[in-house]
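Shown next, in structure tokens, is the structure this report addresses.
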Amino acid sequence: KDASSPTASVTASIKRFLVLIKTGRVWEKHMKKRWLVLLLMALVLMGLPAISLAEDVAWINGKGYASLESAVNDAQTGDTIIVGKGTYTLYKKGAATKGKDLTFVGQGVEKTTWIIGAEVPDPNKSGTEYNSDYSFSGASVTFKDMTLNSYYSKEDKNKSGYENYLGFAHTVNTLVDSCVINGVTAYWGYTSAAFRNTTFNAPVGGYALWSYSSAIMTFDNCTFNSSGKVINVYNEGYTPNVTVNFNNCTVKNTDTSKKAVLNINDRYVSGFTINISGKNSVDGITADNMTCSCLFGFGGKEKNPENV
């Protein structure tokens, strides 16, 4: 029908209304259902085709997409992609992300989950970056209001149930805002990685994450639930002069304290810059025997003599 006709106008309005319902922006659940039924009845009475958005899982400016990768392929740099309830990943999906700066907003940490990399890493690639997730290589990405899962299995007897060198390899900038991160990660934005209002759940015996690939890594108002180790400030020389900012964070350690919150290993680099500010709360961490601080230390090892 003609785009300027009253029928086309009504259809467009109904589509927008249904998108609002689908993304949880209208009334409570019972009201959603009541209005949806009334709308569908109105469509039948008007002789219009019924519109179903049941297959849509992502939206850009109100336009629905049947798959996350189709939304990403259509997205322009700077776009915000609303992600529906459920579990998602772009790992090995071939989505067009390179050169883009994209924001993904979920429906909340209990409703939207993003899988980082393979659900079970390849044991033949253990200890290398090749188990990491390249889905945002050459891109910048923001995650908001969702849970991010890196591999962790209490049933895995091969190791400790977790794998190192995971994360989003070769990304430019990353921002994680109001999320939950489960498992250990090492690869985030190579230029910068920022975490705001985010909760980290470390695997038993493992770190919550490494400041491994990022030139600047910032933690602002974050909570760390750990079991002995928290953040591995470590680089193998590929990113000189790493800066770590730690502000207004809370650490809750429930196992034997093995390291200070920021465990510094400067063996391969010219130095680290550590900025600690605000009010930081630490529970269950023993002070480092070199720095006498719970917040930063060298794990009982001598500092790199070149960095003294």
Side-chain angles (χ1 to χ4, degrees), residues 69 87-99 113-141 143 147-174 176 181-193 195 200-217 226-244 258-259 262-270 272 298-299 301 304:
E69 48 267 37
T87 300
Y88 302 90
T89 187
L90 288 180
Y91 179 67
K92 292 189 174 181
K93 299 290 186 180
T97 61
K98 191 170 184 177
T113 300
W114 191 293
I115 304 297
I116 304 173
E119 292 195 51
V120 180
D122 183 346
N124 295 320
K125 298 176 181 177
S126 180
T128 74
E129 78 165 62
Y130 300 112
N131 271 319
S132 61
D133 192 328
Y134 296 91
S135 56
F136 293 102
S137 178
S140 293
V141 60
F143 296 100
T147 291
L148 299 159
N149 281 344
S150 182
Y151 170 73
Y152 174 54
S153 173
K154 293 181 179 179
E155 288 72 37
D156 186 349
K157 306 301 182 184
N158 182 44
K159 201 174 179 182
S160 300
Y162 64 91
E163 183 71 33
N164 292 320
Y165 297 97
L166 301 181
F168 294 108
H170 299 182
T171 50
V172 181
N173 298 291
T174 57
V176 180
I181 300 177
N182 296 318
V184 58
T185 52
Y187 292 103
W188 293 94
Y190 282 36
T191 300
S192 70
F195 304 89
F200 295 83
N201 295 318
V204 175
Y207 288 100
L209 81 167
W210 298 12
S211 65
Y212 183 70
S213 64
S214 307
I216 301 174
M217 183 167 274
S226 64
S227 60
K229 297 184 286 187
V230 188
I231 301 172
N232 189 21
V233 182
Y234 173 64
N235 187 270
E236 293 173 357
Y238 303 109
T239 309
N241 302 315
V242 171
T243 296
V244 178
K258 299 179 178 68
K259 312 280 186 181
L262 298 165
N263 181 61
I264 302 169
N265 184 338
D266 58 359
R267 179 179 178 183
Y268 298 108
V269 297
S270 58
F272 290 112
F298 296 89
K301 298 179 181 179
N304 183 341

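Values in this document were obtained by computation on a predicted structure and should not be read as measured data.
- In summary, of the residues considered (Glu129, His170, Lys92), a side-chain hydrogen bond (donor to acceptor under 3.5 Å, both in side chains) with Tyr134 occurs for Glu129 alone.
- Counting only distance, with no hydrogens or angles, the side chain of Thr174 and the backbone of Gly189 share a donor-acceptor pair below 3.5 Å.
- For Thr171, there are no side chain to side chain donor-acceptor pair (under 3.5 Å) partners two or more places apart in sequence or in a different chain.
- To the nearest 0.5 Å, the span separating CD1 on Ile216 from OG on Ser192 amounts to 6.5 Å.
- Between Val176 and Ile181, the closest side-chain pair of non-hydrogen atoms falls below 4.5 Å.
- In this structure, OG1 on Thr97 lies 12.0 Å from CD on Glu69, to the nearest 0.5 angstrom.
- For the pair Glu163 (side chain) and Gly127 (backbone), a donor-acceptor distance under 3.5 Å is present.
- From Phe298, atom CZ reaches atom CG of Asn265 across 9.5 Å, with rounding to the nearest 0.5 Å.
- Listed by chain and number, the residues in a side chain to side chain contact (heavy atoms under 4.5 Å, CB included) with Ser135 are Leu90, Asp133, Phe168 (sequence neighbours excluded).
- Put simply, CD1 on Ile116 and OH on Tyr91 are 12.5 Å apart, with the number rounded to the nearest 0.5 Å.
- Looking only at distances, no side-chain donor or acceptor of Thr185 sits under 3.5 Å from a matching main-chain atom of Leu209.
- Within the model, atoms OG of Ser150 and CG of Asn201 stand 12.5 Å from one another, a figure rounded to the nearest 0.5 Å.
- In this structure, Glu119 and Tyr151 approach most closely via the heavy-atom pair O-CD1, 2.9 Å.
- Among the candidates Tyr212, Tyr130, Tyr207, the single residue satisfying the ring-ring contact (aromatic ring centres under 6.0 Å, His included) test with Tyr165 is Tyr212.
- A donor-acceptor contact shorter than 3.5 Å links the side chain of Lys229 to the backbone of Gly205.
- Other residues, nucleotides and ligands place no more than 12 heavy atoms under 6.0 Å from the NZ atom of Lys93.
- Exactly one residue among Val244, Asn232, Ile264 makes a side-chain contact (heavy atoms from CB on, under 4.5 Å) with Ser211. That residue is Val244.
- Asn182 CG to Asn149 CG: the interatomic distance, rounded to the nearest 0.5 Å, is 4.5 Å.
- Take Tyr190 and apply the side chain to side chain donor-acceptor pair (under 3.5 Å) test, not counting sequence neighbours, and it matches no residue.
- Of all the heavy atoms in Ala202 and Ser226, the pair that sits closest is CB-CA, 4.1 Å.
- For Asn131 (side chain) and Asp122 (main-chain N/O), a donor-acceptor pair under 3.5 Å exists by modelled atom type.
- Ring geometry for Phe136 versus Trp114: interplanar angle of 30 to 60°, hence tilted.
- Side-chain atoms of Arg267 and Tyr234, non-hydrogen and from C-beta on, never get closer than 4.5 Å to each other.
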